[in-house]
There are 2 protein chains.
Amino acid sequence: MSTRAARSRDDVVRTAGRLFAERGYHGTSMRDLAAELGLLGSSLYSHISSKEDLLVEVVERGADLFQSSADSALATSGPPVNRLKALVGGHVGVVLDHLDEVRTFLNEAGALDEVHRKRVLAARDRYEASFRAVLSEMNVENPKLAAIFLLSVLNAVERWYRPSGPLKREQLADEVFRFAMTGIKP
Amino acid sequence: MSTRAARSRDDVVRTAGRLFAERGYHGTSMRDLAAELGLLGSSLYSHISSKEDLLVEVVERGADLFQSSADSALATSGPPVNRLKALVGGHVGVVLDHLDEVRTFLNEAGALDEVHRKRVLAARDRYEASFRAVLSEMNVENPKLAAIFLLSVLNAVERWYRPSGPLKREQLADEVFRFAMTGIKP
DNA sequence: CCTACCGATCGGTAGG
DNA sequence: CCTACCGATCGGTAGG
């Protein structure tokens, strides 16, 4: 048996996402990443061309996942509240199923060069616009602010939710939706 | 006139807070910090003993500011909703007045060694407990989850609020409070 | 994917 | 607070 650790490009990107999410971009060295894959640092460069390119790819995966989720949610039929529910459920699903890409997308975009950072900000605004549009359809008083508040709650899920905790995955989206619709309720 | 740049320890800690907030702990070098103060890297060590100590000090300042705010808010008389309003107003005030320490406290605690990181988690839990206590007083259905959701909105203020924007500082706390109490409202 | 490197930069110290 | 350093580590390359 060979002791060679043959890795695909996707292995490299996914492992990079995990380390960027856990330790941050600047807190992760290329040798850290290689070691996680059972390689030496120099071996990474047959898969990718630079550390920065890796960050770009992980962040773009996060952006694409959110946008696909929104596009799908906006196609939901019925009253606008159905689409809002789909947006919330989709967002929670993306966070739970792609935690590493999501955390890197949300927390490490600042480490990108200006061109890519602006592209990420544009992607976030486009995603947020999906929320604003549905909230407008619902005749919410201040759709812009409501979208910010709702996304604040949704994005924070990454920071506190543990699948092993008392709150089951299906309940989570329901609870967020309920809080957004009616507040803390006495 | 001397060209010597005489700095106090507090100058060093405050400037470190700004850079840690903007670029992250691992994205800030001691030479970056020194240059910002008009010094050479080695000169920093007459003020502080290590980079890690600097992070500890900035993060602890953030923790203390939030806890002082909560202690003060909990002393508010009248029905519990008054105390909740004071907690929200206090939190927004701390974020806006001490943005660098807050951002470092919220985003860079992961770069601390285990001992200090656990201390920060304990400080956060104690602060969150102030919210849980007031929400319990208000007979909210799920005070623990309500506290998480409300703090999600409050902590996100650091990420999007611009004092130059349409929302004035005084309105911000009111809008967060209203969202927490009643949701998006159709 | 590894061996053998490269120049640059890192946090930090000794001594004045 | 500066001069003059230190060993360690950084991202990355040449060549096989």
Side-chain angles (χ1 to χ4, degrees), chain A residues 1-59 104 108-117, chain B residues 1-59 104 108-117:
Chain A
M1 299 294 287
S2 166
T3 121
R4 217 65 163 323
R7 301 297 186 167
S8 69
R9 182 190 161 85
D10 191 63
D11 289 333
V12 175
V13 177
R14 290 210 335 272
T15 304
R18 181 162 54 80
L19 296 189
F20 293 165
E22 285 171 3
R23 314 175 190 178
Y25 176 74
H26 291 300
T28 303
S29 77
M30 294 302 272
R31 283 164 179 84
D32 287 343
L33 172 57
E36 207 76 12
L37 291 157
L39 305 175
L40 295 183
S42 57
S43 303
L44 294 169
Y45 293 88
S46 54
H47 295 291
I48 50 100
S49 62
S50 74
K51 189 188 180 189
E52 174 100 23
D53 278 0
L54 265 181
L55 179 60
V56 168
E57 185 144 341
V58 175
V59 167
T104 303
E108 299 301 320
L112 289 167
D113 66 280
E114 202 193 341
V115 171
H116 289 98
R117 196 172 55 244
Chain B
M1 296 295 286
S2 166
T3 124
R4 217 62 164 320
R7 300 298 188 168
S8 70
R9 183 190 160 83
D10 191 63
D11 288 334
V12 174
V13 177
R14 291 210 335 271
T15 303
R18 181 161 56 80
L19 295 189
F20 293 164
E22 284 170 3
R23 315 175 189 177
Y25 176 74
H26 292 300
T28 303
S29 76
M30 293 303 270
R31 283 164 180 85
D32 289 342
L33 172 57
E36 206 76 13
L37 290 157
L39 304 176
L40 294 184
S42 57
S43 303
L44 293 169
Y45 293 88
S46 53
H47 295 291
I48 51 99
S49 63
S50 75
K51 188 187 180 188
E52 176 99 23
D53 279 0
L54 265 181
L55 179 60
V56 168
E57 186 146 340
V58 174
V59 167
T104 304
E108 300 302 319
L112 289 166
D113 65 282
E114 203 192 342
V115 171
H116 289 98
R117 196 172 56 244

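Letters A, B, ... are given to chains in the order of the sequence lines, protein chains preceding strands, and every chain is numbered from 1.
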**OP:** Would you kindly give the CG-to-P distance between B:Leu55 and C:dG11, to the nearest whole Å?
**Re:** 13 Å
Original post:
In residues 18-36 of chain B, which ones come under 4.0 Å of DNA chain D, going by heavy atoms?
Top reply: none
Original post:
Nearest 0.5 Å, what's the CD1-CG distance between B:Ile48 and B:Leu55?
Top reply: 11.5 Å
**OP:** Could you list by number each residue of residues 38-46 of chain A showing a heavy-atom separation from DNA chain D of less than 4.0 Å, or answer none if no residue does?
**Re:** A:Ser42, A:Tyr45
**OP:** Grab the CD-P distance between A:Glu52 and D:dG11 for me, whole Å please.
**Re:** 12 Å
Subject >> Rounded distance in Å - CG (A:Leu54) to C1' (D:dG11) >> reply: 12 Å
Original post:
Mind checking what makes side-chain hydrogen bond (donor to acceptor under 3.5 Å, both in side chains) contact with A:Arg9, not counting sequence neighbours?
Top reply: A:Glu57
Subject >> Gap separating the OG1 atom of A:Thr15 from the CG atom of A:Leu37, nearest 0.5 angstrom >> reply: 4.0 Å
Original post:
Taking only residues two or more places apart in sequence, or in another chain, which ones meet A:Asp113 in a salt bridge (Lys or Arg N to Asp or Glu O under 4.0 Å)?
Top reply: none
Subject >> Nucleotide C:dT13, atom C1' - distance to NZ of B:Lys51 in whole Å >> reply: 18 Å
Original post:
Can any side-chain N or O of B:Arg117 pair as donor or acceptor with the backbone N or O of B:Leu112 at less than 3.5 Å?
Top reply: yes
Original post:
Taking only residues two or more places apart in sequence, or in another chain, which ones meet A:Ser50 in a side-chain contact (heavy atoms from CB on, under 4.5 Å)?
Top reply: A:Glu52, A:Asp53
**OP:** Go through the structure and list residues passing side-chain hydrogen bond (donor to acceptor under 3.5 Å, both in side chains) with A:Glu36, not counting sequence neighbours.
**Re:** A:Arg18
**OP:** Begin with the C-alpha distance, continue with both residues' side-chain angles, and end with the deciding distance and a verdict on side-chain contact (heavy atoms from CB on, under 4.5 Å) for A:Arg23 and A:Asp32.
**Re:** CA-CA 11 Å; A:Arg23 314 175 190 178; A:Asp32 287 343; 3.5 Å; yes
Subject >> For A:Glu22, side-chain hydrogen bond (donor to acceptor under 3.5 Å, both in side chains) partners two or more places apart >> reply: none
**OP:** Taking side-chain hydrogen bond (donor to acceptor under 3.5 Å, both in side chains) as the test, write out the residues that go with A:His26, two or more places apart.
**Re:** none
Subject >> Stems where DNA chain C pairs, listed by first number, each of three or more Watson-Crick or G-U pairs under 3.5 Å >> reply: C:1-16 with D:1-16
